[in-house]
Number of protein chains: 2
Amino acid sequence: MSEHPETTYAVLGLVDKLPGSSGYELAGVAANSLAFFWPVSRTLLYRELTRLSAMGWVEPTRVEQTHAPSKWTYRTTSDGQRALSDWLATPPDSAGSERNPVLLRLFFSYRLPPEQARSLLSGYRDRLEMQRDQLNAISEKLSATATPQARAGWLAARHGVLTIEAALLWVDEAEAFLAEAPW
Amino acid sequence: MSEHPETTYAVLGLVDKLPGSSGYELAGVAANSLAFFWPVSRTLLYRELTRLSAMGWVEPTRVEQTHAPSKWTYRTTSDGQRALSDWLATPPDSAGSERNPVLLRLFFSYRLPPEQARSLLSGYRDRLEMQRDQLNAISEKLSATATPQARAGWLAARHGVLTIEAALLWVDEAEAFLAEAPW
DNA sequence: GTTATCATGTAAAGCGTTACATGATTGT
DNA sequence: ACAATCATGTAACGCTTTACATGATAAC
């Protein structure tokens with residue numbers, strides 16, 4: 001009953017959601033889903049797949065291809081599915097550490113000329129808008145499907161959209177606040 | 001010009017903001033400020049203070065106390081202040097990785113009985129409300145002060161409040177969504 | 001007496017990132 | 001020719017966390 005990092009379950013869940021996928025394919029999916037609330041780098045993803053195979057939670061299968069290199073594909077075993085369910089039932093540990101490098105700078109930005117503080121904010125806005133557009137595109141795609149998997153994905157995307165829009169409103173507020181009385 | 005991790009600058013900025021503080025005191029402040037957008041564990045904070053001292057970016061001073069153990073206090077040097085300004089001017093690297101263990105579970109929650117999915121959401125709401133209350137308390141304290149430092153802190157707290165409130169709205173939505181058609 | 005606050009540290013473990021490496025196929 | 005996609009891996013590094021350790025004072 002040793003505890004594993006959350007990322008292990010993130011990958012296990014992905015395999016379970018997309019049985020018969022290769023690491024490469026899973027990485028592609030992760031980049032458009034997990035990446036928004038639980039980033040997993042490609043290297044780490046491969047390492048977790050190896051680990052999950054060793055633990056018997058997923059079963060690897062070699063698939064030969066003619067048009068591309070051979071690949072490994074994965075499916076959850078019944079042990080893996082049980083482990084996934086068990087983990088899902090455990091309460092998430094306290095607030096996930098949110099790391100926001102923009103806020104970190106803003107927190108000390110009274111040491112910055114006003115113009116640079118402004119550009120910090122507008123850079124943030126640009127990135128938020130891009131993320132929001134990405135998420136909206138994903139949402140639209142998902143809302144076309146009625147499976148539980150797609151609906152769960154849609155909900156997660158919706159969380160992203162709402163919080164990003166709140167952050168965008170904050171940028172407006174912050175700009176006005178600084179314009180009124182810069183430091 | 002070697003690059004240092006963001007946390008090094010987070011601590012440097014803290015020392016600069018509260019000159020003459022001890023590691024212990026800084027840890028207390030960090031828990032009510034940085035923790036919301038750039039968590040720094042106590043152990044790490046101490047290590048960074050040692051590192052910053054070795055680099056000459058902060059100057060440590062021993063202070064003897066009668067009512068408590070002796071302590072080290074720190075102040076930024078002019079080198080440190082320059083380093084802080086330089087870092088502030090560098091653009092934050094791409095989106096900070098947001099890790100949300102609740103969304104991670106929700107993303108796979110179609111494997112969960114509806115009741116447990118609901119309790120996942122209500123647990124999230126509870127934690128969000130606590131955080132919001134904490135942030136509001138901090139905001140109020142800060143809004144009583146008119147220094148640039150306090151105003152910057154207020155802005156950062158405001159970001160937290162707005163995004164948390166958005167997340168709370170999402171919880172309502174998600175509950176309605178699941179109530180309408182559970183999986 | 002026991003809890004809370006003050007105060008600083010060490011050691012181990014491992015998660016996660018970045019860089020490097022390889023090589024076939026398909027399209028322009 | 002050159003870039004893009006498919007596909008998987010290794011190695012090194014180091015940030016970060018968790019657990020462990022110590023010990024004084026003040027309050028209830």
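Residue numbers start from 1 in every chain, and the chains themselves are labelled A, B, ... in the order their sequence lines are given, proteins ahead of strands.
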- Message: Would you say the rings of B:Tyr9 and B:Trp87 are close, in the sense that their centroids are separated by under 6.0 Å?
- Response: yes
- Query: Is it true that B:Trp154 and B:His159 have ring centroids separated by less than 6.0 Å?
  - Reply: no
Grab the [atom1]-[atom2] distance between [X] and [N] for me, whole Å please.
| X | N | atom1 | atom2 | result |
| --- | --- | --- | --- | --- |
| A:Arg62 | D:dT8 | CZ | P | 8 Å |
| A:Glu3 | C:dA13 | CD | P | 17 Å |
| B:Glu6 | C:dT17 | CD | P | 15 Å |
| B:Leu49 | C:dG9 | CG | C1' | 12 Å |
| A:Leu44 | C:dG16 | CG | P | 6 Å |
| B:Glu48 | D:dC15 | CD | C1' | 9 Å |
| A:Leu45 | D:dT8 | CG | P | 10 Å |
| A:Leu34 | C:dG16 | CG | P | 12 Å |

Given [options], identify the nucleotide with an atom nearest to the side chain of [X].
| X | options | result |
| --- | --- | --- |
| B:Arg99 | C:dT8, C:dT17, D:dA7 | C:dT17 |
| A:Lys71 | D:dT8, C:dT17, C:dA7 | D:dT8 |
| B:Arg51 | D:dC15, C:dT17, C:dT8 | D:dC15 |
| A:Ser41 | D:dT17, C:dT17, C:dA7 | C:dT17 |
| A:Trp72 | C:dG16, C:dA19, D:dT8 | D:dT8 |
| A:Glu25 | D:dA7, C:dG16, D:dG9 | D:dA7 |
| B:Pro5 | D:dG9, D:dC15, C:dG9 | D:dC15 |

Within less than 4.0 Å of OP1 or OP2 of [N], is there a side-chain N or O belonging to [X]?
| X | N | result |
| --- | --- | --- |
| A:Tyr24 | D:dC6 | yes |
| B:Tyr46 | C:dG9 | no |
| A:Thr7 | C:dG16 | yes |
| B:Arg42 | C:dG9 | no |

- Message: Assuming nearest nucleotide by heavy-atom distance, tell me which of B:Trp38 and A:Thr50 is located more 5' along DNA chain D.
- Response: A:Thr50
- Task: Determine whether any donor atom in the side chain of A:Thr43 lies under 3.5 Å from an acceptor atom in the base of C:dT18, or the reverse, and answer yes or no.
- Result: yes
- Can a donor-acceptor pair under 3.5 Å be found between the side-chain atoms of A:Arg47 and the base atoms of D:dG9? no
- Checking B:Trp72 side chain against B:Ser21 main chain: does a donor-acceptor pair fall under 3.5 Å? no
- Task: Return yes if some donor-acceptor pair links the side-chain N/O of A:Thr77 with the main-chain N/O of A:Gly56 below 3.5 Å, else return no.
- Result: yes
- Are B:Arg151 and A:Phe177 in a cation-pi contact, defined as NZ or CZ under 6.0 Å from the six-membered ring centre and within 45° of the axis? yes
- Query: Centre of A:Phe107's six-membered ring, under 6.0 Å away, within 45 degrees of the axis: is that where NZ or CZ of B:Lys17 sits?
  - Reply: yes
